[in-house]
Amino acid sequence: MIQLDKQYEPGEVEKRWGQFWQEKNFFHADETKESPAYSIVIPPPNITGRLHIGHAFNNTLQDIIARWKRMQGYNTLWQPGMDHAGIATQNVVEKQLHAEGSNRQELGREAFVERVWKWRNESGGTITGQLKKLGCSLDWERERFTMDEGLSKAVREVFVTLYEEGLVYKGDYIINWCPRCQTALSDLEVEHKDAQGHLYHLKYPFKDGEGSLIIATTRPETMLGDTAVAVNPDDERYQKYKGKSLVLPMLNREIPLIEDRYVDTSFGTGALKVTPAHDPNDFELGRRHQLETINVMNPDGTMNSLAGSEYEGLDRFECRKKLVEDLKDSGVLVKVEDLSHSVGHCYRCRTVVEPYLSKQWFVKAKPLAEPAMKAVRDGTIKIIPKFWENTYFEWMENIRDWCISRQIWWGHQIPAWNCQSCGEVVVARKTPKTCSACSSADLVQETDVLDTWFSSALWPFSTLGWPEKTQSLERFYPTSMLCTGFDILFFWVARMIMMGLKFMGEVPFRDVYIHALIRDAEGQKMSKTKGNVIDPLEVMEQYGTDALRFTLAAFAAQGRDIKLAEDRIEGYRNFCNKLWNASRFVFMNLEDYKGSCALDEKNNLSTADRWILSRLNRATKEVNEALEAFRFNDAALTVYKFIWNEYCDWYIELTKSKLTDSGPERVAAQNVLIHVLNSALKLLHPFMPFITEEIWQKLPQDEDSIMVSKFPEFQEERTDAAVEKEMDTVMEVITGIRNIRGEMNLNPGLKLNVLVKTSNPKTQKTLQDQASYIRKLARVEQLQTGAEIEKPKVSASSVLGEMDLIIPLEGMMDFQEERNRIEKELKKIQKDLIFLNKKLSNPDFVEKAPAEVIEKDEQRKTSLSEKQVKLEIHLKTIKQGID
RNA sequence: GGGCGGGUAGCUCAGUUGGGAGAGCACCGGCCUUACAAGCCGGGGGUCACAGGUUCGAGCCCUGUUCCGCCUACCA
């Protein structure tokens, strides 16, 4: 006989089954298998990453779907892998070097990249092990890395093709520059934060010495790169200065006054200093007016020689400080205003980003965005919840070219070579030996690498072997669903759609499930600096992985952020224990069990048996439907309620009386106990893989693992509405008795005699047939039913629909207590009746409401009235008892 | 500036076609009833942010107000 401990201990169990699944290779998807495929690619975590609660959430949801689909018989692939995370990883290794008193420049590019690989092989990807701990059924055999040879080949193929089609170009533009990381960033990689700054008003004198203009700026240090002042041609105030020149203070450079309708006459003074090398709008202005561009900063954010000898070498913010002092001293600074404005920061290191003119590579986005929008518009791709589609369209419609070059060393080096002889740029799939224009061998490869998101954009097909025509690609592309947070909707999802359509001619996935962000109990975003992070690994240690997973699923209602509170996790840990102990009970009653767990319909199934089977069937339907629609919380809650509130609270209690007998009823109960437990475990398995496997393996069955067993399916014919109704009656009586017991403060151990008066012969029969249940669960000695029952004077009673529940309490009646109870009930009824009467006497309602609604209310009114009458009579006798 | 999401029990949140609101935790009372005290039984608790509107009927649909959160934007 199988015995379980009194408490479920997750630690050892999780380790054991985690290993078992992998040894058995159950996570592997076979591309040669013909059964219908279901595929998901993991959002590749950074190799620098450690599992945080967001990962845990994201991957739990994917695993739920993967395990569910696998059990449904789909050839299920969940593709694992990691992202090389260019800037983040480079930062990590540079920090190490710094600690050693070295830096990457000292090491040189080749040695540095080698060092990063070494780091990655040794300590990169700790998250892989953590995902395994979480129970993720990823096909580890297929693990990919964005810097792998195959994926690098895909990157080159895509880059070169786009270049050949003119969709990749190189040029001088203002980009977002991080002076700390010393690289360009895409628009998306800049985080805008509101900051309290200053608006400096500066006086620029006219060259002819007659008067001056006041301009306003938030970044005074950029004035050193000014090459014009602009006003709006319609601005009356400045008409008279047309065609004049000004003198740039401090540097005494002559700059023209230009006119452009871009200038907002209502902001500041209506006069705008123009710095084409340090502001995107000024850059455009400069282009329109053929202005000189003067870049006054070094890549590290210090001022260069063009800023003048006074400022050269100073950091941009030091420069600002000194310059403002100097401007004040020389009378140029007219006034300083406070101004709150938004300032861009590097998303990797939080340094204030500098708009910076430099030569970069770009992807032309518009032509790629058009089909990507269409795919969502026509429903080829479904975004769930749907409201994210709006966000997607809005961004796509205003999409700008994507800056893809990064001035770092860790990443895919751009496959472009500059000919040192003739200046030709050679872009090629294979490293060229000679210049395509002049045949010189003097080629130097572009030093920049590609944005990490460039390779991520290819993930759904590059991981499957593209550009080779592999069977995996054939089998698993397009993938079925993508599960991710909204924070990377543009970074990643949109770009995958663009690239997938461009290079595969087909969308990369059908369903995109966008989940919410996990916050702390106060709704704050979790962050290390705030110290409010919940570490999933600690939670798993403390409460068990299954409890964490279930909590996350139960919280995953669509469209709302998740405030994670620890007591919820504890609650679901208790659920594990509940399930464990229910199973313990089942095993304790199997010592003589010989049958198979297959359900023989011809067995003498009791009412309770048939009831729980019917309920199981309903739960099964709901779970499948909920998962189909990615309503994880509904699915989780359905299983939870079924197991706890139906199987445990009622069915197990009901079987106890059957199990004490020997004979067919005991065997039937055993069969049903096992069958329902088995099915419930399967329903729960996607959410709680470990505990379900542990219990399931002990059940009599001959399959290898619950994770490859068949997921329950709804069977119409298993639904038994009649028996559910019967059980409802029984449960109603039991609850009614318990209620009286509780409210009358009767000892729970006290056996009671109970009378149920009802004129409905069917109900009478039900109660008589199921009397043993009522006796056992409500602690009843004698149960008498009939139409002509005389109510003893000293008794408590309540009205349950068509039944009068009467409990004689001679010698132990607390009349006052009973009176309170009845009056409370009557009060409620009166309130309801007033409401119903009002409603039903409203001619509009009777005239316009659907017949079934009126019917329902009429019935309610009738039964309430009857109940009222009965209770009033009862109350009268109670009052006599008091007197 | 524009857009989106949200305000439901003390707390965290469900509520899928509009027909008088649910869960978990917390709280109160009673139980070691031979699976489970991480449990069992019973109970109290809500002008569904506010104000209008549509409707016989609104937590749900429409308008406005307000508070919170997020995304987005080149006003120097």
Side-chain angles (χ1 to χ4, degrees), chain A residues 4 6-8 174 192 199-200 215-219 222 230 262-264 266-275 279-284 339 341-342 355 385 387-388 390-391 394-395 398 486-487 489-490 516-517 519 521 523-525 543 554-555 557-565 567-568 570-589 625-626 629 631 633-634 637 640-641 645 648-649 652-653 656 735 738-743 745-749 776-779 832 835-836 839 842-850 852-854 856-857:
Chain A
L4 302 185
K6 233 176 154 176
Q7 277 192 10
Y8 172 61
I174 294 273
H192 291 274
L199 192 59
Y200 301 90
I215 59 89
T217 179
T218 53
R219 295 185 295 147
T222 61
Y262 164 75
V263 181
D264 182 352
S266 65
F267 190 90
T269 59
L272 172 69
K273 69 189 259 316
V274 183
T275 324
D279 183 281
N281 300 307
D282 293 8
F283 179 74
E284 289 303 319
L339 181 78
H341 60 152
S342 96
F387 61 76
W388 285 111
N390 293 333
T391 313
E394 215 200 322
W395 187 70
N398 301 305
F486 59 79
D487 48 333
L489 181 61
F490 308 139
L517 226 61
R519 300 170 183 283
Q524 297 284 312
K525 211 165 163 172
Y543 297 102
F555 266 114
Q558 291 178 5
R560 190 198 278 241
D561 281 352
I562 296 168
K563 286 186 213 164
L564 193 60
D567 58 1
R568 280 299 280 263
E570 193 181 329
Y572 291 121
R573 187 268 317 261
N574 295 355
F575 175 54
C576 288
N577 205 45
K578 186 74 183 175
L579 172 65
W580 183 255
N581 276 292
S583 308
R584 187 161 172 262
F585 172 83
V586 173
F587 290 122
M588 285 170 85
N589 285 286
E625 283 176 356
R631 286 184 285 118
N633 56 328
D634 287 345
L637 225 62
Y640 178 94
K641 283 183 175 163
N645 302 126
C648 292
D649 287 352
I652 284 184
E653 295 304 322
K656 282 178 179 172
T735 309
R738 285 171 174 173
N739 178 295
I740 289 176
R741 204 189 272 277
E743 301 239 299
N745 295 317
L746 298 171
N747 189 302
K776 173 89 174 151
L777 268 62
R779 304 232 156 187
D832 287 355
F835 174 80
L836 277 174
K839 195 170 174 184
N842 180 350
D844 281 332
F845 175 71
V846 182
E847 199 179 307
K848 290 172 185 165
E852 66 260 29
V853 173
I854 299 170
K856 212 173 101 194
D857 282 347

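The chains referred to below are lettered A, B, ... by the order of the sequence lines, with proteins before strands, and numbering in each begins at 1. Predicted model, so just to flag it, every value in this text is computed and none were measured.
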Requested in this report: Let me have a per-nucleotide readout for nucleotides 34-42 of chain B, 5' to 3', with B, S or -, counting only protein heavy atoms under 4.0 Å.
Outcome: -BBSBSSSS
Requested in this report: Starting at CG of Leu199(A), measure out to CD1 of Ile215(A) and round the result to the nearest 0.5 Å.
Outcome: 9.0 Å
Query raised in the report: At what distance, to the nearest 0.5 angstrom, does CD1 of Ile854(A) lie from NZ of Lys848(A)?
Result: 12.0 Å
**Report entry** P spacing across the pair A49(B) / G7(B), given as an integer number of angstrom
**Finding:** 7 Å
**Report entry** Side-chain (Arg741(A)) to main-chain (Arg779(A)) donor-acceptor, under 3.5 angstrom
**Finding:** yes
Query raised in the report: C1' atom, C32(B) versus C40(B): distance in rounded Å?
Result: 10 Å
Query raised in the report: Taking only residues two or more places apart in sequence or in another chain, which ones pass side-chain hydrogen bond (donor to acceptor under 3.5 Å, both in side chains) with Lys578(A)?
Result: none
Query raised in the report: To the nearest Å, how far apart are Asn398(A) CG and G1(B) C1'?
Result: 14 Å
Query raised in the report: Donor-acceptor pair, Asn581(A) side chain versus Asn577(A) backbone, under 3.5 Å?
Result: yes
**Report entry** Nearest-Å distance once atom C1' is located in both C4(B) and A38(B)
**Finding:** 41 Å
**Report entry** A21(B) versus C25(B) - spacing of their P atoms, nearest Å
**Finding:** 23 Å
Query raised in the report: Over how many whole Å does the gap from Leu746(A) atom CG to G43(B) atom C1' extend?
Result: 15 Å
**Report entry** Interatomic distance where CG belongs to Asp487(A) and C1' belongs to C4(B) [whole Å]
**Finding:** 15 Å
**Report entry** CD1 on Ile740(A) to CG on Asn745(A), rounded to 0.5 Å
**Finding:** 13.0 Å
Query - Euclidean distance, atom CG of residue Asn390(A) to atom P of G3(B) [Å, nearest integer] - result: 12 Å
Query raised in the report: Does Arg573(A) have any salt bridge (Lys or Arg N to Asp or Glu O under 4.0 Å) partners at least two apart in sequence or in another chain, and if so, which?
Result: Glu570(A)
Report summary line: Residues at least two apart in sequence or cross-chain that pass side-chain hydrogen bond (donor to acceptor under 3.5 Å, both in side chains) with Thr222(A), listed by chain then number, are Lys273(A)
Query raised in the report: What residues form a salt bridge (Lys or Arg N to Asp or Glu O under 4.0 Å) with Glu653(A), not counting sequence neighbours?
Result: Lys656(A)
Got a list of protein N/O to nucleotides 72-76 of chain B N/O distances below 3.5 Å?
unit_1: C74(B); atom_1: OP1; unit_2: Arg400(A); atom_2: NH1; d: 3.4
unit_1: C74(B); atom_1: O2'; unit_2: Asn281(A); atom_2: ND2; d: 3.0
unit_1: C74(B); atom_1: N1; unit_2: Asn281(A); atom_2: OD1; d: 3.2
unit_1: C74(B); atom_1: O2; unit_2: Tyr262(A); atom_2: OH; d: 3.1
unit_1: C74(B); atom_1: O2; unit_2: Asn281(A); atom_2: OD1; d: 3.1
unit_1: C74(B); atom_1: O2; unit_2: Asn281(A); atom_2: ND2; d: 3.4
unit_1: C75(B); atom_1: O2; unit_2: Asp264(A); atom_2: OD2; d: 2.3
unit_1: C75(B); atom_1: N3; unit_2: Asp264(A); atom_2: OD2; d: 3.4
unit_1: A76(B); atom_1: O2'; unit_2: Ala216(A); atom_2: O; d: 3.2
unit_1: A76(B); atom_1: N6; unit_2: Asp264(A); atom_2: O; d: 2.7
unit_1: A76(B); atom_1: N6; unit_2: Phe267(A); atom_2: O; d: 2.9
unit_1: A76(B); atom_1: N1; unit_2: Asp264(A); atom_2: N; d: 3.3

Using a cut-off of under 3.5 Å, enumerate the N/O to N/O pairs linking the protein to nucleotides 56-63 of chain B.
unit_1: C56(B); atom_1: OP1; unit_2: Lys848(A); atom_2: NZ; d: 2.6
unit_1: C56(B); atom_1: O2'; unit_2: Asn842(A); atom_2: ND2; d: 3.1

Query - Integer-rounded Å distance: U12(B) P and Arg568(A) CZ - result: 12 Å
Requested in this report: Please state the C1' separation for the pair A51(B) and C11(B) - nearest whole angstrom.
Outcome: 28 Å
**Report entry** Contiguous Watson-Crick or G-U pair runs (3 or more, under 3.5 Å) in RNA chain B
**Finding:** B:1-7 with B:66-72, B:10-13 with B:22-25, B:27-31 with B:39-43, B:49-53 with B:61-65
Query raised in the report: Distance between the P atoms of A73(B) and C56(B), in whole angstroms?
Result: 47 Å
Report task. For the side chain of Tyr640(A), starting at C-beta, report the closest nucleotide among G24(B), A14(B), U12(B). Result -> G24(B)
**Report entry** Results of side-chain contact (heavy atoms from CB on, under 4.5 Å) for Phe486(A) - residues two or more places apart only
**Finding:** Trp388(A), Ile514(A), Leu517(A), Asp561(A)
Query raised in the report: Do the side chains of Phe845(A) and Val853(A) get nearer than 4.5 Å, heavy atoms only?
Result: yes
Query - Under the side-chain hydrogen bond (donor to acceptor under 3.5 Å, both in side chains) test, residues paired with Asp487(A) that sit two or more places apart - result: none
Report task. Could you point out which residue of Tyr640(A), Tyr543(A), Tyr8(A) forms a ring-ring contact (aromatic ring centres under 6.0 Å, His included) with Phe575(A)? Result -> Tyr640(A)
Requested in this report: Please list, chain by chain and in numerical order, all residues satisfying salt bridge (Lys or Arg N to Asp or Glu O under 4.0 Å) with Arg219(A), sequence neighbours excluded.
Outcome: Asp279(A), Glu354(A)
Requested in this report: Please state how far atom CG in Asn633(A) lies from atom C1' in G15(B), giving the value in whole angstrom units.
Outcome: 10 Å
**Report entry** Separation between the C1' atoms of C28(B) and A9(B), rounded to whole Å
**Finding:** 15 Å
Report summary line: Between Phe387(A) and Arg779(A), the residue closer to the 5' end of RNA chain B by nearest nucleotide is Phe387(A)
**Report entry** Spacing of the C1' atoms in G42(B) and C48(B) (rounded, Å)
**Finding:** 27 Å
Report task. Apply side-chain hydrogen bond (donor to acceptor under 3.5 Å, both in side chains) to Asp634(A) and list each qualifying residue two or more places apart in sequence or on a separate chain. Result -> Arg631(A)
Requested in this report: Rounded to the nearest angstrom, tell me the gap between atom CG in Leu637(A) and atom P in C25(B).
Outcome: 12 Å
Query raised in the report: CG of Asp832(A) versus C1' of G19(B): gap in Å, rounded?
Result: 15 Å
